[in-house]
Amino acid sequence: MLVKLELPHFTLPSMFAAPTISEEILDLKRQRRAILLAHHYQDPEIQEIADVVGDSLELARKAREYEGDVIAFCGVWFMAETAKVLNPNRIVVAPDRDAGCSLVDSCKAEDVREYRRRNPEHMVVSYINTSVEVKAESDILCTSRNAVRVVNSIPRERTVLFLPDRNLGAWVQRETGRENMKIWQGSCIVHNTFPSRRLLEAKTAYPDALVVAHPECPEAVLRHADFVGSTSAIIEYCATSPAPEFIVMTESGVNYSLERAAPGSRFHYVANENCNCSECPFMRLNTLEKLRDALADLSPRVELSADLMRRALVPLERMLAVG
Ligand code: 13P
Ligand code: SF4
C-alpha cells in the first residue's frame, strides 16, 4: 500500500543552492591557479570578478609577471596573444576565439614584409592592436599610452612607418612634430566612426562637460577634446579633474571603471555611425558562460610557434623598456 507522505515545506539552505556562474569561475580560477585579466571595455559582470582591470599596456605588464599556471584573458584575441608571447610558459585562454579587432584585420604580415623589402631603412612602429605575425615583422611596438614616447625614442633622422591605426598615427605625428612618418590607413570601427557632429550636439546639451577622447578617434573629434589618452589615462584624468561632468569619446564599457574611479561625476557617451552605439562588438562577444567554459576546458587557448613568439618578443620588450 502506498502511503502519501506529507512533507513539511522548507527552503534549501543557501549552502545547497546552485552556484552562480561567477562563483563557478572563481572556483575554477583557484583550481587552475589562474589569473583573470580584463580590459576596461568588458561587461561589468566580468570586470567585477577580474583580478586586474586595465588598458592594453597595464594588462600586458600583468601578464608578463604572472607566476601561476593559467592566464584567462578577457579582452580581444591580440591581447591574449601578447600575454602568451610575454609569458610563454603559462596556458593562456580567452572566452571567444572570434573576439578580433578591425585594426588587426587591416594589416597583413605579408604586406608589412613587402613594405620592409622596399624600404629597408624605415623603422616599423606597430600598435599593439596587430596580429602576432605583424608584431614579429616590427622593430618596436606601442600602445596608445606610450606611442608618443616610443616614437620619440627613435632617432629623428630615421623614417618611421606607423601601423596600422591612421588616427593614432596622425595624433602621434602632431604630438611629436615628426615629419618623416608614414602612416598605415587602418582604423577602429568604434572610434573612427564617432561623428564630430554628434559630439558638438553633446557639447551643446552639456555645456559644462569636459571632452575626453581616445586617440583612435578622428582628428575632427580630437580637436574638440580637453584630454586625449589611452583608456586608463582617460580614467585617471577624470578621477583627478575637478570637473563634475565629461563627454567620453571611447568605448562605453569604460563607464564601469569611470564610475568607480570618479564616483559622483557624470559621464555622457556619443553614439557612432557603425552600430549607433559606442560598444566594440568584438569585446562584447565575451560572456561569463564562455569564460567559465574556457577555464574548465582550457580552450580556446593561444598556441603559437616558438619561433614566432621569439620574434614577436623582441619589439614587445623594446616597447616595455621605453615605458
Ligand atoms: P587601450 O590601449 O587604451 O587599452 O586601447 C585598446 C583598444 O583596443 C582601444 O580601442
Ligand atoms: Fe579593436 Fe576598436 Fe574594438 Fe579596440 S574598440 S578592440 S581598436 S575594434
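Note that ligands are numbered from 1 as they come in the structure, with each ligand's atoms numbered from 1 the same way. This one's a predicted model, so the numbers in the text were calculated from it and none came from an experiment.
Proximity to Ser144 (heavy-atom distance under 4.0 Å) selects the following atoms of ligand 1: 1 (P), 2 (O), 3 (O). The ligand atoms of ligand 2 that sit less than 4.0 angstrom from a heavy atom of Val190 are 5 (S). Atoms of ligand 2 found under 4.0 Å from any heavy atom of Ser102 (numbered from 1 in listed order, with element): 8 (S). Atoms of ligand 1 lying under 4.0 Å from at least one heavy atom of Ser230, given by number and element, are 3 (O). When each atom of ligand 2 is checked for a heavy atom of Leu103 under 4.0 Å away, the hits are 7 (S). The atoms of ligand 1 that sit less than 4.0 Å from any heavy atom of Thr231 are 1 (P), 3 (O), 4 (O), 5 (O). Within ligand 1, counting atoms from 1 as listed, the ones closer than 4.0 Å to a heavy atom of Asn129 are 7 (C), 8 (O).
Arg260 and Glu48 are not joined by a salt bridge, as no carboxylate oxygen comes within less than 4.0 angstrom of a charged side-chain nitrogen. Looking at Asp69 and Arg90, no side-chain N of the basic residue comes within less than 4.0 Å of a carboxylate O on the acidic one, giving no salt bridge. Looking at Arg292 and Asp297, no side-chain N of the basic residue comes within less than 4.0 Å of a carboxylate O on the acidic one, giving no salt bridge.
Neither the backbone nor the side chain of Glu251 comes within contact range of ligand 1; no heavy atom lies under 4.0 Å. Residue-level proximity to ligand 2 for Glu251 is absent, since no heavy atom of it falls below 4.0 angstrom. Using a 4.0 Å cut-off between heavy atoms, Arg145 makes no contact with ligand 1 at all. Proximity of Asn129 to ligand 2, defined as any heavy-atom pair under 4.0 Å, is confined to the side chain (atoms from C-beta onward). Contacts between Leu103 and ligand 1, counted as non-hydrogen atom pairs separated by less than 4.0 Å, are absent for every part of the residue.
Not a single N/O/S atom of Cys280, whether from backbone or side chain, sits less than 2.8 Å from atom 1 (Fe) of ligand 2. With 2.8 Å as the limit, Cys101 does not count as an N, O or S neighbour of atom 2 (Fe) of ligand 2.
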Hey, mind stepping through Arg117 and Glu114 against salt bridge (Lys or Arg N to Asp or Glu O under 4.0 Å) and telling me if it holds? CA-CA 5 Å; Arg117 202 185 54 74; Glu114 176 58 16; 2.8 Å; yes
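The side-chain contact (heavy atoms from CB on, under 4.5 Å) test with Glu251 singles out one residue from Cys277, Cys188, Cys280, and that residue is Cys280.
Considering all non-hydrogen atoms of both residues, Arg197 and Glu273 come closest at NH2-OE2, 2.8 Å. In terms of heavy atoms, Cys74 sits closest to Leu36 at SG-CD1, 3.7 Å.
For the ligand labelled ligand 1, residue Cys188 lies outside the 4.0 Å heavy-atom shell. At least one heavy atom of His191 sits less than 4.0 Å from an atom of ligand 1.
In this structure, a donor-acceptor pair under 3.5 Å is absent between the side chains of Asp43 and Asn286.
By the 3.5 Å distance cut-off applied to N or O atoms, Asp55 is not counted among the residues near ligand 1. The shortest N/O to N/O separation between Ser56 and ligand 1 falls below 3.5 Å.
Taking atom 5 (O) of ligand 1 as the reference point, the nearest protein heavy-atom neighbour is His214 NE2, 3.4 Å. Of all protein heavy atoms, the one closest to atom 2 (Fe) of ligand 2 is Cys188 SG, 2.3 Å. The nearest protein atom to atom 10 (O) of ligand 1, hydrogens excluded, is given as Glu216 OE1, 3.0 Å; this is a heavy-atom distance. For atom 6 (C) of ligand 1, the closest heavy atom belonging to the protein is His39 NE2, 3.8 Å.
For the atom pair CD1 (Ile49) and CD1 (Ile21), the distance works out to 9.5 Å, reported to the nearest 0.5 Å.
Around the CD atom of Glu179, the shell of radius 6.0 Å holds no more than 12 heavy atoms that belong to other residues, nucleotides or ligands.
For the pair Arg97 and Trp77, the distance from NZ or CZ to the six-membered ring centre is under 6.0 Å and the angle to the ring normal is within 45 degrees.
Ring-plane geometry between His214 and His191 is classed as tilted, the angle between the planes lying from 30 to 60 degrees on a 0 to 90 degree scale.
No close placement of the Tyr256 and His40 rings is indicated, their centers lying 6.0 Å or farther apart.
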